[in-house]
Amino acid sequence: MSAALTPYVTSSFQEHSLTATVSIVSSLMSGLCILPLAKIVDIWGRPNGFICSVFLSTVGLIMMAACQNVETYAAAQVFYGIG
């Protein structure tokens, strides 16, 4: 869902050249945060981990909806990817 919005958002802010950068950075950060999150879920338990993941996804979607620049959109992609 969010991959289809990246060209629209970056062109809306007249920074269409950042399309690849946003996707690479968000994929890299999401991949790096998965392992510590898995360890935290192992300690806390699956229900709490699920709630944490839903919270992070929701925060990412809210940030995507309210972003005012490409940097905020990139951060939202990271939150959504981790969730």
Side-chain angles (χ1 to χ4, degrees):
M1 175 186 78
S2 61
L5 296 176
T6 302
Y8 173 73
V9 170
T10 53
S11 67
S12 174
F13 296 124
Q14 285 82 29
E15 296 181 3
H16 200 275
S17 62
L18 293 177
T19 302
T21 306
V22 168
S23 63
I24 289 172
V25 169
S26 67
S27 297
L28 184 67
M29 290 301 297
S30 298
L32 290 174
C33 292
I34 292 295
L35 293 175
L37 187 63
K39 184 64 176 176
I40 290 171
V41 168
D42 188 37
I43 294 170
W44 287 353
R46 288 187 183 174
N48 293 339
F50 179 73
I51 291 169
C52 181
S53 293
V54 168
F55 175 75
L56 288 172
S57 294
T58 305
V59 167
L61 288 173
I62 291 170
M63 286 175 66
M64 279 185 221
C67 68
Q68 298 293 320
N69 54 20
V70 176
E71 292 83 9
T72 306
Y73 183 73
Q77 285 285 97
V78 171
F79 277 106
Y80 184 72
I82 292 171

Of all the heavy-atom pairs spanning [X] and [Y], show the shortest one and how long it is.
X     : Y     : value
Gly60 : Ala76 : O-CB, 3.4 Å
Ala74 : Ser26 : O-CB, 4.5 Å
Val41 : Gly49 : CG2-CA, 3.6 Å
Gly83 : Leu56 : CA-CB, 4.0 Å
Leu37 : Ser53 : CD2-OG, 4.4 Å

In the single-linkage hydrophobic clustering (I, L, V, M, F, W, Y; side-chain heavy atoms under 4.5 Å), do [X] and [Y] co-cluster?
X     : Y     : result
Tyr80 : Val70 : yes
Tyr73 : Met29 : no
Val25 : Ile82 : yes

Asn48 CG to Phe55 CZ distance, which is reported to the nearest 0.5 Å
14.0 Å
What is the distance from atom CD1 of Ile62 to atom OG of Ser57, rounded to the nearest 0.5 Å?
11.0 Å
Is any side-chain heavy atom of Gln77 closer than 4.5 Å to one of Met64?
yes
